[in-house]
Amino acid sequence: MTAYLIRRLSQAILLLLVLSIAFFLLVHALPGGPQAVLFSPRMTAETRANLEHLYGLDQSLPVQYLLWFKNVLGGNFGNSFSDGQLVTTEIAGRIPPTLELFGAAMSFTLVLAVLLGVLSAVRKYSLMDYMVTVLAYFGISMPVFWFALILQEFIGVQLHLLPTSGRETCSIYGCATPFDVFVDGAQHLLMPMFVLSLLFLAGWSRYLRASMIEVLNQDYVRTARAKGLSPRTVIFRHALRNALIPFVTQVAIDVGLIFGGAVVTETVFAWPGLGRLFYDALSHRDFPILEALLLLGSASVIFLNLFADVLYSAIDPRIRYS
Amino acid sequence: MRLEQPGTGLFDAVVMPSDTEDAVLTKHRGMLQLITSRFVKNRLAVVGMGVLLTMILAAILAPILIGETAQVHPAIDTHITEALQGASFKHLLGTDDVGRDEFARLLYGARVSMLVGFVSMLVALSVGILLGSLAGYFGGIVDTLLMRVTDAFLAVPLYLILFVISAFFVAGGSDSIRQVILILGLFSWANTARITRGEILALREREFITAARAQGVGNARIIARHILPNAAGALLVNATLLVGGNIITESTLSFFGFGIQPPDASWGNMLASSRDYLTSAPLLVYAPGLAILVAVVSFNLMGDGLRDALDPNTTER
């Protein structure tokens with residue numbers, strides 16, 4: 001197991017290293033490159049030279065990469081082009097909102113997906129099963145940004161039930177009690193959370209249904225039933241626990257997609273998280289932030305995949321890696 | 001030749017080892033019939049296929065359906081005095097913010113969105129099959145290298161990299177369609193490569209391949225004529241799901257302004273320009289969104305239907 005872990009970890013780190021070179025080259029080879037963003041036509045040649053020197057752009061690309069990489073190893077991703085702040089500071093400020101949104105969406109989805117998955121597996125081919133199936137197809141095929149627009153219009157604009165965007169309004173209008181602050185935050189969270197959930201809910205409930213159906217057909221489940229155990233005990237204590245094994249690893253892999261999913265949802269709802277930061281950095285051609293976020297996004301995918309594999313062997317004693 | 005080998009792939013269950021030469025020949029047709037009859041029994045999949053065929057037909061016949069002539073182009077001509085009208089007999093889905101007929105634009109949008117979905121799928125399939133075959137067939141260092149590249153493509157969050165590349169490379173004008181197709185295709189081949197490689201690994205050591213090699217058949221021909229046909233089922237399912245997925249991705253890119261550029265209409269950029277009129281002209285937002293949803297649902301239903309029909313382990317419902 002240790003040897004396996006070391007091998008996988010070194011592979012993951014090597015992959016990240018290659019990706020960091022690819023991202024660096026991609027961003028610097030883009031039409032115009034960083035110079036197109038930093039320079040204004042009114043600058044004198046001397047100012048340009050100073051700026052180039054300041055950002056290290058007067059060096060050759062390999063040297064620039066090595067300098068950048070050396071800084072990254074020390075935890076320094078450089079300074080943002082648009083406001084000169086440290087990239088790490090900007091990113092750190094955006095992590096809590098994204099974690100809040102994802103934590104809420106993932107918990108909500110997990111509970112609902114397990115419920116729907118178990119119900120539709122136990123009542124296979126019932127009316128409810130078909131309804132869940134149809135809903136899942138629509139969920140998987142839904143253009144997320146469009147669904148978000150419709151929700152904003154209906155719930156926000158027409159019914160005035162929830163705010164259409166942002167994370168809080170207390171800093172503008174003021175909130176008297178901590179309870180008010182909580183309600184304000186929850187109201188802003190609800191819609192983006194639901195939109196983000198939809199993406200995973202459909203996939204997860206189908207996945208658990210398939211896994212549940214497979215387990216329910218196994219001999220030991222029949223044995224449990226034959227012993228006279230109540231259906232509830234059989235389903236939850238015997239079947240579900242085993243059906244959850246592949247499901248949990250799938251969930252761990254999907255959590256790695258945190259970034260990709262965040263860009264669309266956070267942008268449409270003006271949620272001040274990492275996804276929104278990415279969109280803004282792209283609009284401003286803020287190269288250092290783009291590089292850092294691309295790397296961070298890939299790292300989350302790679303390490304959660306690894307984590308899922310390890311988790312799989314940890315919760316299923318039949319699986320052993322060597 | 002292929003079918004005489006029991007247990008070679010997707011169609012195992014229908015080919016009995018005891019079959020005589022004669023029986024095998026009739027089995028081939030029987031197999032296709034079996035798959036067709038299974039597919040037809042899946043009502044949802046058939047509905048999906050019907051909807052798709054209708055949409056494709058409507059997209060092809062668009063100029064006739066909207067009464068386009070040499071002088072009148074309802075999808076392009078602007079009539080600023082007729083902007084943002086509701087549905088009427090003259091404009092089935094009303095008009096957009098510059099007075100273009102929304103129904104006409106929806107049909108032309110179908111042309112672009114379907115085209116992007118299909119051709120980007122073909123690009124992804126070609127790259128994926130090529131790299132997957134090379135990796136699976138030659139193994140060793142080729143395999144390791146190509147699969148690490150595939151891993152790298154799977155590790156990059158799709159929307160992040162697509163946004164970055166499209167934002168910088170997709171220029172205005174009619175070139176945007178070609179560029180979006182290329183970008184989508186080049187970033188969605190990884191799964192195809194994995195599927196192809198897996199199928200080839202399963203087949204590579206089988207006797208009929210050894211036999212072909214002994215007869216002096218070249219590598220390229222063995223892959224193309226003896227191996228890939230056995231992987232056709234899995235790849236067909238993959239292709240169907242790819243089209244649906246790429247239509248959504250294209251619409252998302254276009255909605256954020258990084259994809260298909262005006263004046264070309266795609267369902268995604270129609271939504272981008274109409275989001276400001278959600279309250280005053282809701283049809284402009286509902287129509288393209290529903291078009292995307294219905295098209296992608298249909299592709300997914302069809303893909304799953306194909307998967308079930310091709311899988312010998314599927315039990316009859």
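Lettering follows sequence order; numbering is per chain, from 1. Keep in mind that what you see is a predicted model, and the values were worked out from it rather than measured.
The aromatic rings of A:Phe147 and A:Phe194 sit tilted relative to each other, their planes meeting at an angle between 30° and 60°. Relative ring orientation between A:Phe24 and A:Tyr65 is described as perpendicular, the plane-to-plane angle rising above 60° on a 0-90° scale split at 30° and 60°. A perpendicular orientation is assigned to the rings of B:Tyr286 and A:Trp146, their planes being inclined by more than 60° (bins at 30° and 60°).
Enclosure of atom CD in A:Glu214 is not indicated, since only 12 or fewer non-hydrogen atoms of other residues, nucleotides or ligands lie within 6.0 angstrom.
Of all non-hydrogen atoms in B:Asn246 and B:Leu184, the two that sit nearest each other are O-CD1, 3.7 Å.
In this structure, B:Asp308 does not pair ionically with B:Arg38, as no charged nitrogen and carboxylate oxygen lie closer than 4.0 Å.
In this structure, the portion of A:Phe154 lying under 4.5 Å from any heavy atom of chain B is its side chain and not its backbone. In this structure, the portion of A:Ile302 lying under 4.5 Å from any heavy atom of chain B is its side chain and not its backbone. Only the side chain of B:Phe258 has a heavy atom closer than 4.5 Å to any heavy atom of chain A. Of the two parts of A:Leu16, neither the backbone nor the side chain holds a non-hydrogen atom closer than 4.5 Å to a non-hydrogen atom of chain B. With a 4.5 Å cut-off on non-hydrogen atoms, B:Leu290 touches chain A through its backbone and its side chain both. Contact of A:Val264 with chain B is made through backbone and side chain together, with heavy-atom distances under 4.5 Å. Within the 4.5 angstrom heavy-atom criterion, atoms from both the backbone and the side chain of A:Tyr137 approach chain B.
A donor-acceptor pair is defined here as one N or O able to donate and one able to accept, closer than 3.5 Å; no such pair exists between the side chain of B:Asp143 and the backbone of B:Gly139. Formation of a donor-acceptor pair under 3.5 Å by the B:Arg111 side chain with backbone atoms of B:Ala59 is found in this model. The closest donor-acceptor contact from the side chain of B:Glu250 to the backbone of B:Val116 lies at 3.5 Å or more, if one exists at all.
At a threshold of 4.5 Å between non-hydrogen side-chain atoms, the residues A:Arg123 and A:Asp129 do not count as touching. Counting heavy atoms from C-beta outward, A:Arg276 and A:Phe269 have side chains that stay 4.5 Å or more apart. Two residues are said to be in side-chain contact when any heavy atoms from C-beta on lie closer than 4.5 Å; A:Leu14 and B:Arg148 fail this criterion.
Each of A:Thr133, A:Val263, A:Leu294, A:Asn305 has some count of heavy-atom pairs under 4.5 Å with chain B, and the biggest count is that of A:Leu294.
Residues of residues 156-163 of chain B that come within less than 4.5 angstrom of chain A, heavy atom to heavy atom, are B:Val156, B:Pro157, B:Tyr159, B:Leu160, B:Ile161, B:Phe163 in numerical order. Taking non-hydrogen atoms and a 4.5 Å limit, the residue list of residues 265-273 of chain B in contact with chain A, ordered by number, reads B:Leu271.
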**Report entry** Residue pair B:Arg194, B:Asp151: steps toward the salt bridge (Lys or Arg N to Asp or Glu O under 4.0 Å) verdict
**Finding:** CA-CA 10 Å; B:Arg194 284 201 162 175; B:Asp151 286 347; 2.8 Å; yes

